[in-house]
Protein chains: 2
Amino acid sequence: MDDLTEMLKGTLEGCVLQIIGSEETYGYAITRRLNELGFADVVEGTIYTILLRLERNGLVQVTKRPSGLGPPRKFFALNDAGREELATFWAKWEYLSSRIDKLKEGGR
Amino acid sequence: MDDLTEMLKGTLEGCVLQIIGSEETYGYAITRRLNELGFADVVEGTIYTILLRLERNGLVQVTKRPSGLGPPRKFFALNDAGREELATFWAKWEYLSSRIDKLKEGGR
DNA sequence: GTCCACTACTCCGTGATACCGTGTAGTGGT
DNA sequence: ACCACTACACGGTATCACGGAGTAGTGGAC
């Protein structure tokens with residue numbers, strides 16, 4: 001699938017929130033997970049900027065743990081604000097995707 | 001629904017293409033149509049920049065016609081390149097929305 | 001007959017976001 | 001010693017939707 005960059009704007013952050021919400025994890029693993037899920041072109045740099053933003057916005061709780069396999073990992077977990085943000089994201093996604101699907105169906 | 005701005009990136013242009021593809025129309029009417037369809041906060045300025053971009057990228061055929069109700073209207077219709085771009089857009093949308101829905105369902 | 005509302009188009013600057021390339025580090029295998 | 005893989009960080013770039021302001025044309029209210 002060719003370039004999805006623009007379409008990912010606004011949704012990729014939500015995807016990261018969802019992944020963090022389902023289990024405490026770290027940047028490198030999140031990137032691999034997204035790649036597996038079909039977001040093939042997403043690279044680490046992108047995920048790290050998103051994680052830094054989540055941290056800055058107070059949506060996650062961060063814990064640094066040694067890895068035994070490379071440098072220490074920064075584990076991310078959602079806090080209450082993060083869970084709320086995730087719910088908002090899904091509400092927006094439902095809203096948007098329903099409108100667009102309607103438009104596709106001939107949309108009157 | 002609160003701010004969808006970021007989520008619309010990359011999709012709004014496709015929506016405009018779809019509307020133009022279903023009937024030859026002009027900027028002001030496209031904006032009203034989108035508002036009706038639930039894209040409530042989309043404003044004229046946004047649509048005009050998209051229309052200028054479509055024109056610049058050679059995806060539309062433009063015809064100016066007098067209105068009898070205000071200034072003349074610029075009618076837009078898809079050309080072959082535009083129809084191709086529209087098909088690409090829907091393919092991307094299908095791809096992306098299926099991945100995201102899968103992620104939402106617990107996505108492993 | 002002057003003001004206002006509605007239609008219709010244009011331009012410019014702003015902010016948010018994903019991407020890219022590069023760099024730094026730690027561990028383990030050959 | 002070198003290389004591959006893991007893991008994080010940073011700085012610059014392009015794209016896009018938005019906001020605001022401006023310009024025009026028509027017709028109705030008073």
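First the proteins, then the strands, lettered A, B, ... as listed; each starts at 1.
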A/Y48 vs D/dA9: side-chain N/O to OP1/OP2 distance below 4.0 Å: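 No, A/Y48 has no side-chain N/O under 4.0 Å of OP1/OP2 on D/dA9.
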
Check: A/K9 side chain, D/dT15 base, donor-acceptor under 3.5 Å: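 A donor-acceptor contact between them is present.
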
Sugar-phosphate only, base, or nothing, as touched by B/T46 at under 4.0 Å among non-hydrogen atoms: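 Here B/T46 touches the bases of the nucleic acid.
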
Sugar-phosphate, base or nothing in reach of B/E13, heavy atoms under 4.0 Å: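 Answer is sugar-phosphate: B/E13 comes under 4.0 Å of backbone atoms only.
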
Given atom [atom1] of [X] and atom [atom2] of [N], what is their separation to the nearest angstrom?
X	N	atom1	atom2	result
A/I30	D/dA9	CD1	P	12 Å
B/L12	C/dA16	CG	C1'	16 Å
A/F39	C/dA18	CZ	C1'	14 Å
B/Y28	C/dT10	OH	C1'	15 Å
A/L17	C/dT17	CG	P	12 Å
A/D41	C/dG21	CG	P	12 Å
B/I47	C/dT10	CD1	C1'	14 Å
A/E44	D/dT6	CD	P	9 Å

Shared hydrophobic cluster for A/W90 and A/L96 (ILVMFWY, side-chain gaps under 4.5 Å):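 Linked within one cluster.
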
B/Y48-B/V62 co-clustered via ILVMFWY side chain contacts under 4.5 Å: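 Looking at the clustering, B/V62 is in the same group as B/Y48.
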
A/K74 or B/D3, whichever maps to the more 5' nucleotide of DNA chain D: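 The residue mapped nearer the 5' terminus is A/K74.
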
Separation between CD1 of B/I100 and CG of A/L8, rounded to the nearest 0.5 Å: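 One gets 7.0 Å once the value is rounded to the nearest 0.5 Å.
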
Interatomic spacing from CG in A/D41 to CG in A/L34 - rounded to 0.5 Å: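 Answer rounded to 0.5 Å: 12.0 Å.
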
Ion pair check, A/E6 and A/K9, cut-off under 4.0 Å: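 Yes.
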
Ion pair check, A/D101 and A/K104, cut-off under 4.0 Å: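 No salt bridge links A/D101 with A/K104.
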
Pairwise side-chain contact, B/N57 with B/E85, heavy-atom cut-off 4.5 Å (strictly under):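 Of all side-chain heavy-atom pairs linking B/E85 with B/N57, none is under 4.5 Å.
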
Upstream residue (5' side of DNA chain C) when A/T11 and A/P71 are each assigned their closest nucleotide: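 Looking at DNA chain C, the more 5' nearest nucleotide goes with A/T11.
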
Residues from residues 49-61 of chain A lying under 4.0 Å of DNA chain C - heavy atoms: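 Listed by number, they are A/I50, A/R53.
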
